[in-house]
Number of protein chains: 2
Amino acid sequence: MTTTSSTAPSTGSLSAADLDSPAQRERHARILDATVTLAREGGFDAVQMRAVAERADVALGTLYRYFPSKVHLLVSALAREFERADAGFRGLGAIPGATPADRVGWVMRRTTRGLHDDPRLIEALTRAFVSADASVAAEIRVVETLLAGILTRAMQPRSPRSPADDDAIARVIGDVWLAALVAWVTGRSSAAETAAHLETAVQLLLRE
Amino acid sequence: MTTTSSTAPSTGSLSAADLDSPAQRERHARILDATVTLAREGGFDAVQMRAVAERADVALGTLYRYFPSKVHLLVSALAREFERADAGFRGLGAIPGATPADRVGWVMRRTTRGLHDDPRLIEALTRAFVSADASVAAEIRVVETLLAGILTRAMQPRSPRSPADDDAIARVIGDVWLAALVAWVTGRSSAAETAAHLETAVQLLLRE
DNA sequence: GCGCGAACTGGAACGTGTTCTTCCTCGGCC
DNA sequence: GGCCGAGGAAGAACACGTTCCAGTTCGCGC
């Protein structure tokens with residue numbers, strides 16, 4: 001278990017080496033693509049390591065060299081999705097909405113749209129996120145940081161209020177977001193209810 | 001006890017029959033005891049179905065008759081723990097604390113004390129809770145309801161504020177609680193940080 | 001007592017995540 | 001050209017959740 005790599009990989013694995021050759025970078029991407037494809041089709045259970053390996057055209061052992069477990073694999077895929085979303089928001093310039101609550105709501109709605117578009121993908125990624133253990137901490141932290149950044153930026157133009165609150169609020173919103181996803185995955189609430197709960201929480205926390 | 005269940009099993013399985021005979025009730029309890037014991041010793045991974053069956057002195061098939069999956073088993077154990085905690089709070093009379101935030105904080109601290117006392121047990125139960133799927137909805141709902149009740153009662157004497165908020169706030173606190181536990185299980189935050197995050201969120205939500 | 005059906009036992013069997021072993025391929029170096 | 005070691009291929013093997021089956025026991029109505 002030689003973790004603590006000197007230079008942390010951005011979204012990816014954490015094995016020994018850090019993807020030097022182009023061929024490796026391409027394999028890495030192919031694996032993540034296969035993962036997302038399978039997840040989109042059949043959810044968490046359909047992301048079977050043998051199937052991913054086959055679809056990505058690598059051997060099972062190679063898959064495990066790049067991603068030391070199924071959870072690592074899926075959380076890495078989640079991180080990549082978040083990076084794309086983050087880039088999308090940044091490229092957008094200003095987030096629409098007059099108040100912080102509006103803007104955060106907009107971002108959440110946007111991010112949660114996948115509940116309708118790709119329910120199985122969301123299910124797979126959520127499941128992976130919550131079944132991570134300490135060995136996935138690095139990948140988890142990437143996701144956490146990205147989400148915090150997205151939320152903090154969305155609420156950014158903030159009226160007179162202690163700035164220390166911002167991080168705490170972003171964190172709580174992130175927590176509610178996770179819990180809402182879990183409730184949805186667990187079949188306790190529909191997509192609409194999930195979205196509604198999120199809105200409520202945002203308004204509760206960002207009332208001015 | 002006291003779960004207002006007409007026909008639904010209170011905390012337990014959901015198989016066909018509802019535990020009629022004393023022998024069955026005793027088996028049921030024995031299985032849950034074995035589960036908690038194993039969880040306390042070795043966490044989620046140590047709760048292996050064969051081991052539970054052996055320790056509870058039932059056959060594997062019998063175990064599966066009572067609890068159709070490992071997750072059902074652990075969430076049922078969680079529900080039983082919550083029932084005990086709930087009964088404890090009710091027997092206590094008034095919750096200590098001057099403000100709603102104080103009282104909720106007190107309850108959370110009390111409930112979270114297990115993080116130090118029985119970290120592996122908490123880990124096992126948390127893991128199970130978040131890896132539940134729709135088939136465990138009944139057991140999950142028991143836990144959800146108990147927690148909501150505990151929180152709502154703790155914040156009960158509440159100053160002028162729309163009462164509709166109470167449920168929403170309790171829900172958000174429950175969400176943060178879950179997310180904090182997940183963060184702790186994932187190795188992202190220590191027990192102390194987990195507790196601190198909870199306090200912060202409670203104060204954020206219950207400022208008057 | 002007797003017979004019956006439900007519940008229980010013991011254990012084999014299967015699927016999927018994970019590990020391991022053996023052999024092969026490729027790009028750099030003499 | 002020929003060697004070499006790292007990374008990859010192929011697939012067997014193992015662990016644990018889950019399912020299934022054949023036989024046994026238990027409690028109950030007769």
Side-chain angles (χ1 to χ4, degrees), chain A residues 1-2 12-31 34-35 38-39 41-77 124 127-128 131-133 135-136, chain B residues 9 12-31 34-35 38-39 42-77 124 127-128 131-133 135-136:
Chain A
M1 340 276 185
T2 47
S13 54
L14 42 74
S15 24
D18 254 358
L19 314 186
D20 342 86
S21 81
Q24 283 176 323
R25 240 182 291 280
E26 207 219 323
R27 260 193 213 97
H28 189 265
R30 238 176 28 234
I31 292 174
T35 302
L38 285 169
E41 286 169 4
F44 188 85
D45 289 343
V47 181
Q48 302 186 356
M49 299 306 269
R50 289 169 179 85
V52 172
E54 190 181 356
R55 177 91 60 134
D57 211 42
V58 297
L60 189 54
T62 305
L63 173 53
Y64 272 94
R65 168 186 294 274
Y66 280 72
F67 300 94
S69 80
K70 175 170 173 172
V71 171
H72 283 83
L73 174 59
L74 278 163
V75 175
S76 297
R127 287 222 122 97
S131 36
D133 67 353
S135 75
V136 205
Chain B
S13 54
L14 42 76
S15 24
D18 249 359
L19 316 184
D20 341 271
S21 84
Q24 283 176 323
R25 242 182 291 278
E26 207 220 323
R27 257 193 215 98
H28 188 263
R30 235 174 33 232
I31 292 173
T35 302
L38 285 169
F44 187 86
D45 290 343
V47 182
Q48 302 187 358
M49 299 304 271
R50 289 170 178 88
V52 172
E54 191 182 355
R55 176 93 59 134
D57 212 44
V58 298
L60 190 55
T62 307
L63 173 53
Y64 272 96
R65 168 184 294 274
Y66 280 73
F67 301 95
S69 79
K70 174 171 175 171
V71 170
H72 283 84
L73 174 58
L74 279 163
V75 175
S76 298
R127 286 225 123 97
S131 37
D133 68 352
S135 75
V136 205

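Here is how names work: the chains are called A, B, and so on, in the same order as the sequence lines, proteins then strands, and each is numbered from 1.
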- Taking side chain to side chain contact (heavy atoms under 4.5 Å, CB included) as the test, write out the residues that go with A/Ala51, two or more places apart.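 Residues passing side chain to side chain contact (heavy atoms under 4.5 Å, CB included) with A/Ala51: A/Leu38, A/Gln48.
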
Only counting residues at least two apart or in another chain, list the ones meeting side chain to side chain contact (heavy atoms under 4.5 Å, CB included) with A/Ala132.
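Only A/Val71, A/Val136, A/Ile140, B/Thr186 meet the side chain to side chain contact (heavy atoms under 4.5 Å, CB included) criterion with A/Ala132.
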
Are B/Tyr66 and C/dC8 close enough that a side-chain N or O sits under 4.0 Å from OP1 or OP2?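 Answer is yes, contact under 4.0 Å.
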
Exercise. According to a strict under-4.0 Å criterion, is A/Gln24 in side-chain N/O contact with OP1 or OP2 of D/dG8?
Worked result: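 Yes, because at least one side-chain N or O of A/Gln24 sits under 4.0 Å from OP1 or OP2 of D/dG8.
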
For [X] and [N], what is the distance between atoms [atom1] and [atom2] respectively, to the nearest whole Å?
X	N	atom1	atom2	value
B/Arg25	C/dA7	CZ	P	14 Å
B/His28	C/dA7	NE2	P	15 Å
B/Glu26	C/dA7	CD	P	18 Å
B/Leu63	C/dG10	CG	P	14 Å
A/His72	C/dG17	NE2	C1'	14 Å

Q. Quick one: side-chain hydrogen bond (donor to acceptor under 3.5 Å, both in side chains) partners of A/Asp45, sequence neighbours excluded?
A.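 Partners of A/Asp45 by the side-chain hydrogen bond (donor to acceptor under 3.5 Å, both in side chains) criterion come out as none, since no residue qualifies.
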
*Min side-chain heavy-atom separation A/Leu73-A/Met49 under 4.5 Å*: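 Yes - at least one pair of side-chain heavy atoms lies under 4.5 Å apart.
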
Letter by letter from the 5' end, nucleotides 10-19 of chain D scores (B base, S sugar-phosphate only, - none; protein heavy atoms under 4.0 Å) B--B--BBBB

Holding to salt bridge (Lys or Arg N to Asp or Glu O under 4.0 Å), I want the full list of residues that pass it with A/Arg30, two or more places apart in sequence or in another chain.
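For A/Arg30 the salt bridge (Lys or Arg N to Asp or Glu O under 4.0 Å) partners, ignoring immediate neighbours, are A/Glu26.
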
Q) Residues two or more places apart in sequence or in another chain: which of them pass salt bridge (Lys or Arg N to Asp or Glu O under 4.0 Å) with A/Arg55? A)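 Listed in chain order: A/Glu41.
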
